[in-house]
Engineer: 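Below: one structure in structure tokens.
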There are 2 protein chains.
Amino acid sequence: MVRASATAEESLSSELIRAAGVKVTRGRVRVLDALRAARQPLSHAEMEALPAGAGDAAIDRVTLYRVLDSLVACGLALKAVDTRGVFRFSAAGAQRRHADHIHFRCTDCGGVFCLKAEPPPPPKLPRGFRLNEVAYDVRGLCAGCSPHAASPARA
Amino acid sequence: MVRASATAEESLSSELIRAAGVKVTRGRVRVLDALRAARQPLSHAEMEALPAGAGDAAIDRVTLYRVLDSLVACGLALKAVDTRGVFRFSAAGAQRRHADHIHFRCTDCGGVFCLKAEPPPPPKLPRGFRLNEVAYDVRGLCAGCSPHAASPARA
DNA sequence: CCGGCAAATGCAACACTGTTGCATTAGTGG
DNA sequence: CCACTAATGCAACAGTGTTGCATTTGCCGG
């Protein structure tokens with residue numbers, strides 16, 4: 001149970017959770033830890049498989065769903081849908097690292113690539129509307145999936 | 001079986017399907033018809049429920065999936081994921097009507113609103129990349145779902 | 001330090017979306 | 001009109017997400 005490493009990381013997650021006004025539980029700390037450590041949004045399935053390096057037993061499937069929901073509800077995590085229709089979660093604040101450029105999603109392999117260009121400014125909204133997120137999604141085929149030769153179905 | 005109305009619509013769908021180089025079947029015509037008539041992308045569930053006005057029996061669930069896949073494969077339909085993680089399909093070409101303005105998606109009610117502003121120009125891609133679609137997605141709360149009064153959880 | 005309450009957990013069962021296998025039916029080309 | 005292939009319909013399955021309920025646990029007050 002007592003581990004000297006990564007204590008700062010874990011306590012920061014605990015801090016964040018406590019500051020959000022919800023109970024600090026093992027599951028929440030572990031999940032937020034994982035989200036904050038991840039360099040890209042994680043799916044439920046991926047998180048279920050990660051306790052390998054976390055120490056003790058795996059988190060229950062349903063509990064994991066509820067932990068994620070609670071983190072989203074208190075603003076510590078963000079929820080999005082990937083191209084396969086699966087929810088992916090990321091630590092709030094982490095997306096700031098990805099806010100200053102455009103993403104290209106390959107419709108074939110599902111990969112996400114970061115483009116150099118800057119995203120356009122957000123548009124004006126009608127009265128009463130509230131802006132939460134602006135996603136400038138560019139989709140197509142990446143270099144690896146592009147048909148270099150001939151593709152009869154596309155001709 | 002014989003209906004005099006909507007013949008032009010239906011035969012156009014048939015034309016399109018035939019031109020795409022695949023078999024012209026009842027299911028494909030009916031589905032493409034529905035997609036072309038719809039003013040917004042339809043989900044599988046929505047399409048399963050629509051034969052009310054189409055005349056004869058409902059299409060099999062699995063067949064509908066396969067019909068949709070075939071329409072996407074031959075370029076007659078487009079497949080996308082909505083905010084709930086459900087696939088939605090639209091007739092190819094229909095999105096051209098929606099290419100000249102921005103969409104606002106309400107994260108609460110799931111509604112889609114058309115904004116007046118024009119979308120930004122597509123960015124430059126790395127070598128080998130192939131642009132297929134540019135989605136400028138603006139998400140937030142619509143006027144109906146915005147918290148007019150106080151929202152303790154957000155404070 | 002201890003007890004109690006509400007929230008969080010774990011388990012089972014379920015609902016919805018999408019997929020696969022296989023026998024039958026129906027387009028299409030000759 | 002025949003035959004051949006693709007498409008259909010049915011059953012069964014897989015993955016993702018949800019709900020109900022009993023039990024445990026974090027947190028707070030005594």
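The sequence lines fix the lettering, A, B, ..., with proteins before strands; numbering per chain opens at 1.
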Engineer: Sort me out a list of protein N/O and nucleotides 6-9 of chain D N/O pairs below 3.5 Å, or just none if empty.
Structural biologist:
residue : atom : partner : partner atom : Å
D:dA6   : O4'  : B:Lys23 : NZ           : 3.1
D:dA7   : OP1  : B:Arg28 : NH1          : 3.4
D:dA7   : OP1  : B:Arg28 : NH2          : 2.2
D:dA7   : O5'  : B:Arg28 : NH2          : 3.4
D:dT8   : OP1  : B:Thr25 : OG1          : 2.9
D:dG9   : OP2  : B:Thr63 : OG1          : 3.2
D:dG9   : N7   : B:Arg66 : NH2          : 3.4
D:dG9   : O6   : B:Arg66 : NH2          : 2.4

Engineer: Applying salt bridge (Lys or Arg N to Asp or Glu O under 4.0 Å), which residue pairs with at least one partner in residues 16-25 of chain A are found, sequence neighbours left out?
Structural biologist: none
Engineer: Exactly one of B:Leu71, B:Val31, B:Leu35 should register a side chain to side chain contact (heavy atoms under 4.5 Å, CB included) with B:Phe89. Which one does?
Structural biologist: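 Of all the options given, the one that passes is B:Leu35.
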Engineer: In degrees rounded to 10°, what angle is found between the helical axes fit to the five outermost pairs at each end of the helix from C:dC1-D:dG30 to C:dG30-D:dC1?
Structural biologist: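 It comes to 30° between the two terminal axes.
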Engineer: Would you kindly give the CZ-to-P distance between B:Arg84 and C:dA15, to the nearest whole Å?
Structural biologist: 17 Å
Engineer: Do A:Val67 and A:Arg30 come within less than 4.5 Å of each other through their side chains, counting heavy atoms only?
Structural biologist: no
Engineer: D:dG17 P sits how many Å from B:Phe87 CZ, rounded?
Structural biologist: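 Distance check: B:Phe87 CZ to D:dG17 P gives 12 Å.
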Engineer: What about A:Tyr65 and A:His44, are their ring centers closer than 6.0 Å?
Structural biologist: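 Under 6.0 Å, so yes.
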Engineer: For B:Tyr65 and D:dA11, give me the distance from atom OH to atom P, rounded to whole Å.
Structural biologist: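 So the OH-P distance, B:Tyr65 to D:dA11, works out to 17 Å.
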Engineer: Contact between B:Asp69 and B:Lys79 at the side-chain level, heavy atoms closer than 4.5 Å - yes or no?
Structural biologist: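 They are in side-chain contact.
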Engineer: For A:Arg30 and D:dG26, what is the distance between atoms CZ and P respectively, to the nearest whole Å?
Structural biologist: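 One finds 13 Å between P of D:dG26 and CZ of A:Arg30, rounded.
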Engineer: Measure from NE2 on A:His44 to C1' on D:dG17 and round the result to the nearest Å.
Structural biologist: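 Computing the A:His44:NE2 to D:dG17:C1' distance gives 8 Å.
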Engineer: Rounded to whole Å, please give me the gap between CD in A:Glu48 and C1' in D:dT16.
Structural biologist: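 After rounding, the reported distance stands at 11 Å.
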Engineer: Can you find a pair of side-chain heavy atoms, one from A:Leu68 and one from A:Met47, that are under 4.5 Å apart?
Structural biologist: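 Side-chain contact under 4.5 Å: yes.
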Engineer: Are the side chain of B:Arg88 and the backbone of B:Pro41 linked by a donor-acceptor contact shorter than 3.5 Å?
Structural biologist: yes
Engineer: Of the options C:dT17, C:dT28, C:dA13, whose atoms approach the side-chain atoms of A:Arg61 most closely?
Structural biologist: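 For A:Arg61, the side-chain atoms sit closest to C:dA13.
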Engineer: Quick check for you: to the nearest 0.5 Å, what is the distance between A:Glu15 atom CD and A:Leu32 atom CG?
Structural biologist: 11.5 Å
Engineer: I need the A:Ser90 OG to A:Arg36 CZ distance, nearest 0.5 Å.
Structural biologist: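 That separation rounds to 13.0 Å.
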Engineer: Rounding to an integer number of Å, can you tell me how far B:Asp69 CG sits from C:dT17 C1'?
Structural biologist: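 It is 13 Å, rounded to the nearest whole Å.
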Engineer: Rounded off to whole Å, could you give me the CG-to-C1' distance for the A:Asp82 and D:dG17 pair?
Structural biologist: 14 Å
